[in-house]
Amino acid sequence: LASALLDQECPLSWQSKWDGPEDPMQYLRGLVARALAIQNWVEKAEKQTLLSDTLDLSELFHPDTFLNALRQETARVMGCSMDSLKFVATWNGRIKDAKLQVKIGGLQLEGCSFDGNQLSANQHDSPSVSSVLPCYMAWIAQNASGPYSPYDCISLPLYTSAERDRLVTNINIPCGGNQDQWIQCGAALFLKNI
């Protein structure tokens with residue numbers, strides 16, 4: 001432990017608990033920020049207001065586990081198997097076929113821009129990373145129609161960080177039908193750095 005810290009490396013024993021930044025100081029900052037944020041999540045859950053607020057998945061150690069818990073609870077409420085559900089997201093208000101849904105903020109987009117309606121190419125003076133408006137996410141029945149036509153969307157990966165080393169999920173985003181353009185520009189979503 002001490003030798004890793006002296007070498008400015010994050011100890012493996014820490015990384016086994018949470019796959020955070022390699023730098024020990026950044027790791028500890030992220031750990032404290034998430035611990036404080038989770039206290040707020042617990043308070044909101046106790047007041048039964050957690051799912052009515054805009055949530056930031058970057059505040060969690062394992063955001064993919066949260067989305068899977070939402071999937072499990074949705075399956076329980078709907079009385080169906082988890083495998084009979086599909087993940088959807090929309091920027092057009094609440095999801096009509098969803099029994100449970102969450103409003104998620106704090107997403108970042110790299111490689112292009114998104115105005116809440118459609119992806120657009122970055123201009124020469126555009127920032128390489130831009131914030132994305134909050135969206136609703138839910139699990140719905142496989143046979144239910146999603147909020148967007150599959151032909152007008154591209155499935156972009158959502159990573160835990162800009163390093164793109166850990167996938168959280170894939171999100172369908174309206175793109176106007178030209179999926180190849182967004183693949184070539186390397187478009188991807190990631191959680192904001194806290």
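Keep in mind that what you see is a predicted model, and the values were worked out from it rather than measured.
Other residues, nucleotides and ligands contribute more than 12 heavy atoms inside 6.0 Å of the NZ atom of K86. The number of heavy atoms from other shown groups lying within 6.0 Å of CD (Q48) does not exceed 12. Other residues, nucleotides and ligands contribute only 12 or fewer heavy atoms inside 6.0 Å of the CG atom of N193.
In summary, the aromatic rings of F114 and W182 are positioned with their centroids too far apart to meet the 6.0 Å limit. Taking the six-membered ring for Trp, W91 and Y136 have ring centres at least 6.0 Å apart.
Once rounded to the nearest 0.5 Å, the distance linking CE of M137 with CZ of F87 reads 4.5 Å. Put simply, CZ on F61 and NZ on K17 are 12.5 Å apart, with the number rounded to the nearest 0.5 Å.
No continuous path of ILVMFWY side-chain contacts below 4.5 Å connects F190 to L55, so the two sit in separate hydrophobic clusters.
A salt bridge links K44 with D53: at least one charged nitrogen is closer than 4.0 Å to a carboxylate oxygen. In summary, E110 and R164 engage in a salt bridge, as defined by a charged side-chain N under 4.0 Å from a carboxylate O.
The closest side-chain heavy-atom distance from L189 to Q108 is not below 4.5 Å.
Counting only N and O atoms by type, the side chains of S81 and D83 include no donor and acceptor under 3.5 Å apart.
When all heavy atoms are compared, the tightest approach of V88 to G146 is CG1-CA, 4.3 Å.
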